[in-house]
Asks: 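Take a look at this one; I'll ask things after.
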Amino acid sequence: FSRSALAVEPGASHLVPMAPVRVCDTRVPFGSRRLSSSTIRVSVAGVRGVPKNAVAAVMTVTGVNLSGGNWLSVYPAGTAWPGTSSSNSEYGGQAIANLVTVKLGRGGGATGAVDIRSLGPTHVVVDVVGYYLAATGPVSAGRFEAIDPYRVVDTRPRRPLAGATVPVNLKGLLPAHLDVQAVVANITAVDTASGGFFTVYPFGQERPTASSLNYAGGEIRAGATVAKLGVSGSRVGFNVYTMSAAHVVVDIAGFITGPKAPSSDKGLFVPIDPQRLLDTRLRRRREWPGGTVTFALPPAMASRARTVAMNLAVTSTIGPGYFTTYAAQTPRRFVSSLNAMGAGQTVANHNFTNVSTAGISCFTRSGAHIIA
């Protein structure tokens, strides 16, 4: 996401949030075309309300693992696999959802699509929650405004029952001058009674067939989402449906501006081909508990980016704890970007992370290998 500048960044775009729509489910199957034993192609632009001229998309990608440990990688259709991962699972039968912000393919049969590669056998479900359109100048709607995260819902100690809907009312909590139409949020399931999922959707709309976060019994699982806001009476916000009994914790990490916001080029999104910037496994030494690792952005990006959309993954965790990403050489916020429940885990979560010209820092309370 760009800093304010004299000219709009080449390739800049603005977000159009939407209620979740399912564009692929290999269990049915629909919405995908197999390219090989390990890769499928999923059309996004021109499907279920996403226009044909969309240049990137925000989607929840769920892998329903059919074997051992696995990963999924989502990248622009028609390009070479970039060696990155978008979600990780640890055992057969596990369902893991993760938010992905991804550039769409261009040219021939790849136009408007993404390719999804899997290490092993899996089912894949894709729910789109927003798309990006090209911006040739400053815009009002669809810009990202990063904030210091704050908590708006925590159902503890009274756990919602299976099938409950938890309202997230943001009336009075949104900056009026931004005319907020959606929020970037981190949703966490805590003290889960059994396996299930959350579905996030706007006030005033029917619950869609979609999942925003999947969890197992007894698990703490966090996932990012872009939640379009709706209106119900005097309330403004969104719902969180819980398939099985679980506590719901919601932290707001940013706003998506609306059509009445000031016109600006600040916070426009510049999609790129995925690239790996950090992998501590290459140095064969885990970051130890209480440690911080810092990594730089490519020079052209470092001077112009304000925030990056990235997948943060940790593996070979040393113990339970959390991980926090933040702009390098700035004060660390006391919030978590990702949580581990114990030793030996592999966990991933999508992050919208502020950056500085010095790059990005990641603090670990638990210790692990860290991949960004």
Side-chain angles (χ1 to χ4, degrees), residues 1-17 43-46 50-59 73-84 86 99-115 128-146 178 181-182 184 226 254-259 261-278 295-311 327-328 350-360 372:
F1 293 91
S2 61
R3 299 177 183 271
S4 183
L6 295 177
V8 171
E9 285 285 324
S13 59
H14 60 96
L15 178 66
V16 180
S43 293
V44 177
V50 180
K52 291 183 178 180
N53 60 338
V55 297
V58 186
M59 56 185 72
S73 179
V74 185
Y75 53 100
T79 65
W81 176 54
T84 58
S86 303
L99 195 70
V100 178
T101 304
V102 61
K103 184 179 178 181
L104 300 180
R106 282 289 176 265
T111 299
V114 297
D115 289 342
V128 176
V129 297
Y131 56 88
Y132 287 93
L133 297 176
T136 57
V139 300
S140 297
R143 297 183 291 104
F144 176 66
E145 291 281 344
L178 295 180
Q181 61 174 328
V184 174
V226 174
F255 305 124
I256 305 299
T257 60
S263 181
S264 176
D265 60 357
K266 181 181 178 182
L268 293 177
F269 179 63
V270 182
I272 62 171
D273 292 337
Q275 54 186 284
R276 181 156 288 174
L277 299 181
L278 172 70
F295 56 98
L297 276 66
M301 191 190 306
S303 62
R304 304 201 299 267
R306 183 173 64 110
T307 305
V308 296
M310 72 176 189
N311 190 60
H350 191 284
N351 273 252
F352 292 91
T353 303
N354 286 342
V355 304
S356 67
T357 54
I360 299 170

Asks: Is Val100 close to Asn311 at the side-chain level, that is, under 4.5 Å between some pair of heavy atoms?
Replies: no
Asks: List in chain and number order the residues that pass side chain to side chain contact (heavy atoms under 4.5 Å, CB included) with Pro10, two or more places apart in sequence or in another chain; answer none if no residue qualifies.
Replies: none
Asks: For Asn351, enumerate each residue passing the side chain to side chain donor-acceptor pair (under 3.5 Å) test, keeping only those at least two apart in sequence or located in another chain.
Replies: Thr325, Ser337
Asks: Under the side chain to side chain donor-acceptor pair (under 3.5 Å) test, which residues partner Ser13, sequence neighbours left out?
Replies: none
Asks: Testing the basics here: between His350 and Thr101, what is the closest heavy-atom pair and its distance to 0.1 Å?
Replies: NE2-OG1, 3.0 Å
Asks: Just to verify, what does Arg276 make a side chain to side chain contact (heavy atoms under 4.5 Å, CB included) with, not counting sequence neighbours?
Replies: Thr84, Ser85, Asp279, Arg281, Ile371
Asks: Is the shortest heavy-atom distance from the side chain of Met310 to the side chain of Ile360 under 4.5 Å?
Replies: yes
Asks: For Thr257, enumerate each residue passing the side chain to side chain donor-acceptor pair (under 3.5 Å) test, keeping only those at least two apart in sequence or located in another chain.
Replies: none
Asks: Partners of Phe144 by ring pair (Phe, Tyr, Trp, His ring centres under 6.0 Å), sequence neighbours excluded?
Replies: Phe1, Phe352
Asks: Could I get the full list of side chain to side chain contact (heavy atoms under 4.5 Å, CB included) partners for Ala56, not counting sequence neighbours?
Replies: Tyr132, Phe269, Pro271
Asks: Once salt bridge (charged side-chain N to carboxylate O under 4.0 Å, His left out) is applied, do any residues pair with Arg106, and if so which ones, sequence neighbours excluded?
Replies: none
Asks: If the condition is side chain to side chain contact (heavy atoms under 4.5 Å, CB included), which residues does Ala113 pass it with, not counting sequence neighbours?
Replies: Arg41, Ser43, Ala77
Asks: For a quick test of reading the model, state the closest non-hydrogen atom pair linking Leu277 to Pro298 and the distance between them.
Replies: CD2-CD, 3.9 Å
Asks: Sequence neighbours left out, what passes side chain to side chain donor-acceptor pair (under 3.5 Å) with Thr307? Give chain and number order.
Replies: Asn354
